[in-house]
Structures are given as structure tokens and as C-alpha cells.
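Some notes on the structure that comes next.
Just so we're clear, the structure is a prediction, and the values are computed from it rather than from any experiment. So that the names make sense, note that chain A is the first sequence line, chain B the second, and so on, each numbered from 1.
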Amino acid sequence: MLTVENLRVSYDRIAALHGISFHVEEGEIVCIIGANGAGKSTTLRAISRLVPAEPGSKITFRGENLLRYPPEKVVSQLGISHVPEGRRLFDNLTVMENLRLAAFARKDHQQIERDLERVFSIFPRLKERITQKAGTLSGGEQQMLAVGRAFMSGRRMMLLDEPSMGLAPLLMMGVFEALGELNKEGTTILLVEQNARMALKFAQRGYVLENGRLVLAGTSQELLDNPDVKKAYLGG
Amino acid sequence: MAYLLQHVVNALQWGSFYALIALGYSMVYSVLMLFNFAHGDIFMVGAYIGLFVATGLLALGSAGAVALPNWAVLVLTLILAMALTSVVGMLVERVGYRPLRRAPRASAALTGLMIGITFETLNLALLGAKRRSFPALIETTSYQVAGVSITNTKIMIVVISLLLMLALDQFVRRTKWGMAMRAMAVDIFVVPLMGVPINTMAALTFALGSGLAAVAGVFFGQAYPVLEPYMGMLVGWKAFVAAILGGRGSVLGAALAGFLLGFIEIFVAVVFPSTLRDLIAYSVILLILTFRPYGFFGEPYSARLRL
């Protein structure tokens, strides 16, 4: 479904990704684990076209050259949504406005209403707070809203940047459970996480990113059993 | 009492100009984190476009082609001036600011100043240094209410200005474009992830602000019928002050501050010699900003501009 080949990204001429290649198949949950600064967020931003890929990089989505699309069309035409690092909600907008804004480019008004209902059925807490400003939500509720927002904007594929960050274990489980449900309904998921154990339990396959290079790939079980991964990412 | 009320009426009209122009400054500042220092000159361009549309329509009438009643000329002038000035505003954004979206803010501010000077000198080069008078489109009637003389022109200016501000407020609050504008004010980087084309939104923001400036220009032409190439400079700076005083991202704030400026200026001139008007008026505003650095409705913010 998504194929990334030789992806290179630089910030101010300092390379952040040195030509990485990986793929995600339809219906899969794939994770990229790695330390802070390894290039995980950059990878997702390049797919969302928020940062430019260097010449020679190739990203195809369902057979199409993704790099031809501007960021808003990656969302609205290809159906790839992105939950950014730190959630980045619009604090001055209400919960409902955050969700409706995510449907900005959509014309299927009846389906939008059904999707809103679906978001509220997955996250009933959000429904109680629709008129509240997003900035006043708790951390867990904010993450729910960030996922709900992505669900409204496009859901062939969801890119998730550290969804567990700053969440208590119980809340984190809740969010991952909801993501699992969305995946069962057909959303392909690409997840990047510092919390390697959680990510590998959730995903079917994974990649390990170190200093802008993919150094390992395998099924989640293989990576969980790998001694290097254990030592570096799973606390020994 | 009647004497004071007379000044209230004048202040409302004067404040309408500031408020209409301030809204354009305020929206661009809020949505794109940019001071569009060319905005005062967009007001000037709007006034001139209005002038040409109005004289053109009147000439058509006297040539016997299409004789429109004056009120229709005024309505058409307002609509066409808004539309054409919006196009000018969108061009300014496209040519002047879009290439600098990721450049330091100082570069963008300088660009604005240069675009403004370009408009002024272009006007000078094309039309010469002479002042031009705006044709009166409505026959002035004065009403005496409680000893205060109110002209129909003043009523029209204040009422239409207020209606437009109300419409803008509703647009920003209730439509999805308004929602996107408010979202851009806090986190422009993430807005494209909602499927929102930010270039279109930037163009829309400039179009709306320029349209309102054009209305201010046409009304200015009705109230003080003399136009000159530098008419936008001082008025533009003052409207900019009003936009800051109102608070970033607040339509209500910019409008209120515009009217407040009108009131302060008019009433300072009532008490003090008019040569001291701006000195005193802007000292007062400096004082207000000392105690409310984010303006009336602005909140301490940290707009996220980068990754």
C-alpha cells in the first residue's frame, strides 16, 4: 500500500534521514521504533509532505507517486491522516470544531455526521465535552481528540507519532484499544514510538531507526526477541 | 450636551474607518503571524478604485448609456471596489508574502513597507501629484435630533460598517473557513493535516481584509471627498495601532479599538488644541498597552510556527 524507497530528508543541510526504505501493506499495523532524534517524526512528516524529501527519494501510495501531492491533498485525496507529535490540537477551538475542521475538504456531509457519531461511540468522553475548548481537556482526552480528528480527516491510513506520550498506562491502553478497533475496520496504521514494548505488542511488524538509518526489520515477535533490541529499547 | 453628542456622532464615523482597516491588519496578523504594512496603502488603492468606478458609472450615465440612480451607483461602487481591491490584496499576498512564508518575519515586514511605497509612488507616477475629489453619490440631508445634526451619509457609513463587522464576526465564528482561520492562528503547521489548503486560506484572509479596506476607502471618499496618494499612510499606521490594541485574533477587539481610537482623537481635539491631538491620543494608547500588552482581548500566546 505504502512504499518508501531511499527517503532522504535534511534540515538546513543537516541530514535527518539517510535514505530509508520500508513498506506498509493494506490492513497492517507497522511500527518504527527508535530513540529520540533518530528521525521517526521526520519520516512521518515526509509522508505527510510537511517537510520536503530530497531528490531521489521515492514514496508511492497505492501505486501513485505521493510526492506529487501537496500536504492537504495527501489527507483529502489519498486519505492519509497524521496524528502529530504532542497532539497539536487547536486549543482555541472547541472539541466539535476540532473534529469538524478535520473534515474541511470532505463533501460527503451525511457520512461526516455518521463519522462524528462513530468517534463519539469510540470515545464517549469526547461527546460530553463537545462545546469545551480543546485546551481545557485532560491529556488523555486530548489524545482521544487527536485520534478522532485523524479519523475525520482521512482513514485509509493513519500515521501516529508517539500516541503514548504523556499518558498514564491505563489511558494509553484505552487509546491503543481504540486504534486496534479502527484497524479492524480497515484503517492501515503506521506508528512511531519511543515506547518500544507497547508499540511492538500492538504492531504486527516493526523497523528500528537509528540516526536516520533503518538498522533492523522484522515481525514484532522477532524484534521483541532480538538481543540488541532488548538491550537498547526494552530495558535489557 | 448637544455639543458633546455631536462629537460622539463624528467619532463614530471616524472610528468606522479605523475599525474597518484595523480588521484587515488584525486578520492577517492573526492567521499568518504577519504585519502587512502595505495595508494602509491597500486602503488608498481601494479609495482610488472606488473613485474610478464611481466616476466611470456616472460618466456612463451622463453619456446616456445606462443612467443609474445615485444610490445604485454607490452600491455598485462599493461592491466593485471590494471585489477589485480584494484581487489587489490577493496579489500582494501571492507576489509579496507567499515566497517569504518561511523567511524571518523581519523580511516580510520590510516587504510590506516596500509594497506600500510602491503603491504610493505608482499612484504618483500614473496619476500625478494632484488631489482628486470623490464625487458625492448621495445627496446630503441633515437631520436635527436633540440639537445634534446628523447627516444621512454619516448614518450610512456607521451602519454599513457595523453590519460588515458583524458579518465578518459571524463568518469567523460559524463557517469552516472561519474555523480554519482561527486554527491557523494557533498552529499553522498542523492545519494542512486537516486537509485545509493554507495558500487558499492566506489568499482568502487578504481578500477579506482588502475588501473591508476598500469599503473604508469609498466611505472616506464620501465623508472627506479628497484623495491623494499618501492618504493611507497615517490612517494605516493608526489602524495598525488599533489592531494591536484590540488583541491578536479578535474581530471584536479590533473593531472596538478602532472606534476607541476615533473617540480618543475626536475628544482630545475638543479639549486641547488640535495640534496636540495625536500626541495626547497616542500617549494614552501607549499607557493602555503598558498595562495590557496583549491588547483588550488578546491572550498571552505562543503561536506555533515551526515543527
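Ranked by heavy-atom pairs shorter than 4.5 Å toward chain B, the options A:Ser48, A:Ser153, A:Ala102 are led by A:Ala102. The candidate with the highest count of non-hydrogen atom pairs below 4.5 Å against chain B, out of A:Asn92, A:Val83, A:Ile80, A:Asn98, is A:Asn92.
Taking the six-membered ring where the residue is Trp, the centroids of B:Tyr29 and B:Phe35 are separated by under 6.0 Å.
Salt bridge annotation for A:Glu97-B:Arg182: present, with a cationic side-chain nitrogen under 4.0 angstrom from a carboxylate oxygen.
With a threshold of 4.5 angstrom between heavy atoms, A:Arg149 approaches chain B through side-chain atoms but not through N, CA, C or O. Looking at B:Arg174, neither its backbone nor its side chain comes within 4.5 Å of chain A, counting heavy atoms on both sides.
Ring orientation note: the planes of B:Trp177 and B:Phe171 are close to parallel, at an angle under 30° on the 30°/60° scale.
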task: Determine, step by step, whether B:Gln170 and B:Arg173 satisfy the side-chain hydrogen bond (donor to acceptor under 3.5 Å, both in side chains) criterion, reporting the C-alpha distance in whole Å, the side-chain angles of both residues, the deciding distance to 0.1 Å, and the verdict.
output: CA-CA 5 Å; B:Gln170 290 300 305; B:Arg173 270 178 213 275; 5.9 Å; no
